[in-house]
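Notes follow the structure.
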Amino acid sequence: MTPAPAMRHLSAVLVVGRIEPCLPFWEERLGFARAAEGWLGDALGYVTLHRGGVTIMYQTRASLLAVLPPIADLHLGVSVLYLNVGDIEAVAAALEGADLRVPLHLTSYGSRELWVCEPGGHLIAFAEEPG
C-alpha cells in the first residue's frame, strides 16, 4: 500500500445558522482575528479566524448548501473542539459570563479543563495539559 501524502493542517469548520453572533466569542474574548470572509447576500457565508497556530472556520448552512448541494441531505450536528491552552486561568477569566457547561476541573488524566457552548451551539473544551 502506498502511504498517504503528507498532511499539512487541519481546521475545524463549524456549521451554523448565522456567523455574526459567534464572532465576539472568538474575537473579543479570545483574541482571534479574521483572516478571510465571504458573504452570501447581506450576511457572512463563511469566515476564517486565526490566533497563533489555531484556525477556526465557520460556514453557514445556507452557504454550505449553495456551494456543495450533494451534502444537502446530510445531518450536520454539534461539533466538539478540544483546544489545548497554555494558561487555563486566563482562558477562564476571558470566558466569564459565557455559557459554561463544565466548570474548571482536574481530569483523571491530569489536565485542567473547562467546557463552554459557543454562540453557534458547538462545545469547546479548553484544556491545560500537565507538564
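Nothing fancy with the numbering, it's 1 onward along the sequence.
Between the side chain of R29 and the main chain of A94, a donor-acceptor pair closer than 3.5 Å is present. With E27 contributing its side chain and L30 its backbone, the two residues share no donor-acceptor pair below 3.5 Å.
Nearest heavy-atom pair, G110 versus P130, reported as atom, atom and distance to 0.1 Å: O-CD, 3.3 Å. Shortest non-hydrogen contact noted between L114 and A92 is CD2-CB, 3.7 Å. Between A127 and I88, the closest heavy-atom pair is N-CD1, 4.2 Å. The two atoms that bring G120 and C22 nearest to each other are N-SG, 3.4 Å, heavy atoms only. Considering all non-hydrogen atoms of both residues, L44 and T60 come closest at O-CG2, 3.2 Å. Residue L81 comes nearest to A12 through the heavy atom pair CD2-CB, 3.4 Å, listed as atom of the first residue, atom of the second, then distance.
Taken together through direct or relayed side-chain contacts under 4.5 Å among Ile, Leu, Val, Met, Phe, Trp and Tyr, V102 and F126 form parts of separate hydrophobic clusters. Linking ILVMFWY residues whenever their side-chain heavy atoms come closer than 4.5 Å, directly or via other members, places F25 and V85 in the same cluster. Neither L14 nor L123 shares a network with the other; the hydrophobic side chains, linked directly or stepwise wherever heavy atoms of I, L, V, M, F, W or Y lie under 4.5 Å apart, form separate groups for each. Linking Ile, Leu, Val, Met, Phe, Trp and Tyr residues whenever their side-chain heavy atoms come within less than 4.5 Å leaves L104 and W115 in two separate clusters. Linking Ile, Leu, Val, Met, Phe, Trp and Tyr whenever their side-chain heavy atoms come within less than 4.5 Å puts L100 and L83 in one cluster.
For the atom pair CG of L64 and CD of Q59, the computed distance is 4.5 Å after rounding to the nearest 0.5 Å. For the atom pair NE2 of H50 and CE of M57, the computed distance is 8.0 Å after rounding to the nearest 0.5 Å. With rounding to the nearest 0.5 Å, the separation of CZ in R51 from CZ in F32 is 6.5 Å. From W39, atom CH2 reaches atom CD1 of I19 across 9.0 Å, with rounding to the nearest 0.5 Å. One finds the OG1 atom of T48 at 11.0 Å from the CZ atom of R34 (value rounded to the nearest 0.5 Å).
Pairs engaging residues 12-26 under the side chain to side chain donor-acceptor pair (under 3.5 Å) rule: W26-Y58 [sequence neighbours left out].
Hydrophobic cluster membership of L106, counting Ile, Leu, Val, Met, Phe, Trp and Tyr whose side-chain heavy atoms lie under 4.5 Å apart directly or via other members: none, as it forms a cluster of its own.
Of the residues listed (V16, I56, V116), the one engaging H122 in a side chain to side chain contact (heavy atoms under 4.5 Å, CB included) is V16, and it is the only one.
Between E89 and E128 the shortest side-chain heavy-atom distance does not fall below 4.5 Å.
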